[in-house]
Every structure is written in C-alpha cells, then in structure tokens.
Amino acid sequence: MLDQIKQHEWKKFILAAIIFTVIYILMEIVPSVLSMNKHEYGGKVIDKAVAEQHAIDFAKEQTGLEVISAKVVHQSDKLLNGYLAKETLHEKYEKNYDSQFPADTFQVNIEFGNNEGNGFVYLHMYNERITGWNFILHSEQYLSNEEQLETIHRFLIGEQFKEDELDSGTFDSDGGVTFLPANYVIGESKLQLSTEAVSINGQNIISKYKPVFVAPDDYKSYVKGQDKLGDWLTGVGYVFMSFVLGILAIIYSILYRKHTSFKYGIILTIFFFICYLIMNLGVMDGIIALQGEEPTADGMIAFMGIISVILTIPLAASVYFSIVAGDGLWKAQGRNLWPRLRDQGYGNYVWRSMGLSYLFALILLGLQSIIFWALELLIGTWSSTDVTMSPYNMSMLWLMPVLAWAAAIMEEAVFRFFGIGLFRKWFRHTFAAAIFPTLFWALGHVTYPIYPSTTRLIELMIIGLIFSFIFVRYGFISAMFTHAIFNSITVGISMFMVGSSIDIVSAIFFILLPALIALILKIWSNKKGTKPPITTVHPLEQQ
C-alpha cells in the first residue's frame, strides 16, 4: 500500500500556502492590474489585422508600389526597456514620449510585388500610429546630399519637430542621415532619428524614418557583457551538462535495467514531445521578431520548423532515458519515487500528490516574488523584454500553457528524477546530490533578460532545492505537478491580461489540468482495482 503521502499531509502546508498566495497577489497581481487600469489605452492592443492593413495602405501610399504580403510581429526595444526599468523611468517615458516613440511596436514585414523590394513598418500597439518605417527598394534612385537633406528636413518639420530642434544631420556609411533632436532626453538616453530619402518613379520619398531613444554606451556595454556571461554559463553549465546527463541516462538505463522497465515513461515522453513541438512552432513569430529587419522568406520559416522538429527528438529521447534510468537508480537505492497504476493505493497517492502540488506551487510563487524583491534591493535586479516569449508573438496564444508542461516534464525528469538519483548514488547524501543537478538546471535560465545575469541563478538555486525536497519527499508526480502548476499560473496570468475569452478559458484549463488528471486516475484506479504490491525485492545498494 502506497503510504508515501499521508491522508492529511496537506494540513502542514495550508497556512504557508495562504500566506504566500496573499504575498504573490499583493506583489505581482495587484501592481499589474493597477498598471493596466492606469494605462492610457487600458492595456488593450489593436488587432493584428488592423495593424497589417494600416501598414499595407501606408506602404502603398508612400512608395506607389503593390504589396503582395505582410507579416505582423511584436517588436520590442530590449535595450531601451531595460534601461528604463533599471532607472525606474518607465512611467516618465510613457507620459512624455510613448505616444510618438513607443519602445514596443507591431512590426509589419512588407514584401512588394514585381521583385521591387521589401520593407518594415512600425505601428504603435495601442493608438494605431505609424511610428517608423524602412523600405529597401530595388528601383530607387539616390538623391544628392543637398536634395536628400532638403527632403528629409521638410518631412521632419512637417511631421512633429521644430526647426530649431534639429541639428544639421550626419550622413551614414549606408547613405542615410542621422539627426539628434535637441531636448528629447530620458535619463541619459537621447533620441536619434535614422532617416533616408530616395527617388522612385520620379517622386522623392522618405524611405526610412526610425526614431529610437538610444541607451547610454555604458549601459549597452554592461548588458552586452552580461549577455555574453549568460550565454557562456548556459552553454557550459546547462547545454553541455544536459548532453552529459543524456549520455549517462542511456548508460544507466542499461546498467540498471533489472530494476526498471523500458516500457516506463513512453506515454509521458510522447506527451512531452507534442508539448515541446507545439511550443517551438508556436514561437516562430518571436524568432522572426528577433531577426529584426531581416527578410524572412516562407522557405526559411519552414526550415526553422523542420529544425525544431529534429531538435525535439533528442530532447524527447533524453526525457525517456532519464525516466528509465532514474526509476532504476532510485529502486536500486530502495526508493519508489514514481509509483505505477498497478500499485495498491495508486489513485489516492496521485490525488494527494495533486493536492500538495497546488499548495507547493502557491508557496513557490510567493517565495519567488520575495526573492526578486530582495535581489532588487541587494544587487539592483531589473528586467527587460524578450520578443521570443511575448504572448503577442504566439501564433496560438491559447496553447501557450503547453510550454509550462514541456518544461515541467523535461526538467523534473532530467534534473530531479535522474540527476538527483545519479548524484545520490555517487555522493551517498541526498542534499549534496541535489546541488549539482539544481545548479545545471538554474544555469539554463540565466539568458533571460533579467540583470545581473546571476539573478536567476540565485533565485532558481533556492527554488530548485525546494523542488528537490518535494521530489525526494513526495515523489516525481508531486514535483512534476508542482512545476507544471507553478509555470501554468505564471503563463496564465499574462494570458488573463492580454488574451481573448478562449485564451482565458485555456489558461484556466491548464491550471486545473493536474486536478483533472488526478481525478481520472483516482476513479480509474479505484474502479479497476489494483493488483497486489510488487513483491520482487531488489537488493539495496549501500546508502
């Protein structure tokens, strides 16, 4: 009979869950809601179809050329957003400059017909204003410096600037002209106008107008260094060590095959494969946005999709062998941390695991808020934007929560189920065994745009060790459910803020999915009846 989780175990954590839930609501939910209520446009963005049509109409009017395709993605100025966050200047920026020079836009990638070229049009996400553009035309004729300056000056003064605000301009190596208007400053960041005028079909046009507040050089240099550090830590500590753990999982699944079965984990691995594939294909718009002003042909998008499928296969294999090897390692050490349906009391065990998981997830959400708050005070932590994870760049936002499950399954299987089991065999000490897998896992998150790059390492070492405790004490199902619920709530909050009705329903469904799974398994287990507990006793290795 499975008695790993007592009937009233949840009572130990209910008070902590309530306290940390209140903390999470006060520190995360309330500020987000208040921010949306204070937002000039109520936080509601224009429809992508509207942005696309505006961009097409503008491109036709500006160039006189036919537009044959358009693609809308969410674009964000990572450097400016990070600088504003670091210096707490977001509110001031929104008040003084956001309506004209937004740090976040809809970028519409335009392709003209008859091989005339391509372009990029930027729209304000809330007021539909065209805020910038860059047309790369094949039939353009270059203007003399004097004619180009005259054309650009006439446009800028008619657009929004006063003549005495504009400097004489500096010609770039690519033939454009850069201006630094006076009095447009936020902190140490100054407005820079990148412009270009050309002639097409005998008509002088502004082919490029890109206003950008440029972050200070010292800030850009710091972020570049931190990003480089984060890439190095992730490459060595996460990617390489994940590869090593994957190889070791294959080896140990063979060495410990008498303690386990190669049938274990197949269904969960298939589920992971589907979730991970959906996640990768769903963020293609984010990948396009990350390319900036690089034309992305349909063939390239298809190629990236194929690569995503190919890369998912070894990841799924790593999950599968980690489950098999982890199961064998733990059973050889006298622990059954992933019971099976045939085990007596399985249904009740999963049900109690689920109940504890919701409590643990709420505790961790509140704890994470406290950690970030403390790190902000101690080391000045701040964050920026990431277009690859923007909900506006999810092709099917309602499926965004699958990434919560993909991460939960892979990370708990590789770094907890197999990782801790492996290091516990080597070190003979459970806490020591949790350190290295937790470190490898934490290093996989340091490339997030949160600075300093060590912020997430500190945060996730704490969170990861708690996940390790949950896993060792209550089993793999509890750890995986906790991780999935934790991620699902985090993702779900953003969907509640920006999503449609179907997105909100989907977010709620995925948050409640562990309860649904546990209920089904409990009913099935109790209805089917269970076989007697497995009587085969494997010799315990030295503890």
Side-chain angles (χ1 to χ4, degrees), residues 2 4-5 237-257 259-260 264-265 268-269 272 315 317-340 349 353 356-357 360-361 363-364 367 406-445 457-484 486-487 538 540-543:
L2 292 172
Q4 191 169 348
I5 302 177
Y238 179 77
V239 177
F240 176 70
M241 291 309 303
S242 294
F243 173 77
V244 171
L245 286 175
I247 298 300
L248 289 173
I250 296 174
I251 295 172
Y252 275 88
S253 64
I254 296 172
L255 293 176
Y256 283 76
R257 61 188 181 276
H259 298 287
T260 183
Y264 291 165
L268 192 61
T269 300
F272 162 78
L315 286 176
S318 177
V319 169
Y320 168 70
F321 284 108
S322 293
I323 290 172
V324 175
D327 188 64
L329 279 166
W330 283 106
K331 284 181 177 175
Q333 297 176 65
R335 299 290 304 279
N336 183 15
L337 292 180
W338 189 8
R340 299 299 191 269
Y349 166 76
S353 292
L356 284 175
S357 297
F360 290 141
I363 291 171
L364 288 172
L367 178 61
I409 295 170
M410 181 180 73
E411 293 170 4
E412 294 307 316
V414 174
F415 298 103
R416 244 74 75 179
F417 197 40
F418 173 66
I420 297 178
L422 177 66
F423 281 94
R424 188 174 186 266
K425 169 182 168 52
W426 290 352
F427 295 163
R428 311 299 188 193
H429 190 282
T430 303
F431 179 76
I435 297 294
F436 283 102
T438 300
L439 176 62
F440 303 151
W441 171 69
L443 287 173
H445 299 75
L457 176 60
I458 298 170
E459 170 233 343
L460 288 178
M461 282 301 295
I462 299 171
I463 298 293
L465 289 174
I466 295 175
F467 272 128
S468 299
F469 161 77
I470 295 169
F471 163 70
V472 173
R473 175 63 182 84
Y474 299 107
F476 176 73
I477 294 176
S478 297
M480 183 182 66
F481 275 174
T482 300
H483 202 150
F486 178 87
N487 287 352
H538 301 299
L540 299 184
E541 297 186 350
Q542 182 182 356
Q543 298 299 300

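The figures here come from the full heavy-atom set of this structure, side chains too, leaving out hydrogens, waters and symmetry mates. Numbers here simply count residues along the sequence, with the first being 1.
With values rounded to the nearest 0.5 angstrom, Phe240 atom CZ is found 9.5 Å from Phe440 atom CZ. If you take OH on Tyr349 and CH2 on Trp338, they are separated by 10.5 Å, rounding to the nearest 0.5 Å. Between Phe417 atom CZ and Ile477 atom CD1 the span is 9.5 Å, to the nearest 0.5 Å. Distance CD/Glu412 to CZ/Phe272: 13.0 Å, rounded to 0.5 Å. If you take CD1 on Ile323 and OG1 on Thr269, they are separated by 4.0 Å, rounding to the nearest 0.5 Å. One finds the OG1 atom of Thr260 at 9.5 Å from the CG atom of Leu329 (value rounded to the nearest 0.5 Å).
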Step by step, would you call Leu248 with Phe418 a side-chain contact (heavy atoms from CB on, under 4.5 Å)?
CA-CA 9 Å; Leu248 289 173; Phe418 173 66; 3.9 Å; yes
Check the pair Thr482 / Ile466 against side-chain contact (heavy atoms from CB on, under 4.5 Å), numbers first and verdict last.
CA-CA 11 Å; Thr482 300; Ile466 295 175; over 6 Å; no
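Figure legend: cation-pi geometry between Arg416 and Trp441, with NZ or CZ positioned under 6.0 Å from the six-membered ring centre and within 45° of its axis.
When ring centroids are compared, Trp426 and Phe436 stay outside the 6.0 Å threshold. Ring centroid separation for the pair Phe415 and Tyr238 comes in under the 6.0 Å cut-off.
Of all the heavy atoms in Ile5 and Ser478, the pair that sits closest is CD1-OG, 3.8 Å. In plain terms, the two heavy atoms of Ala407 and His483 that are nearest each other are O-CE1, 4.3 Å.
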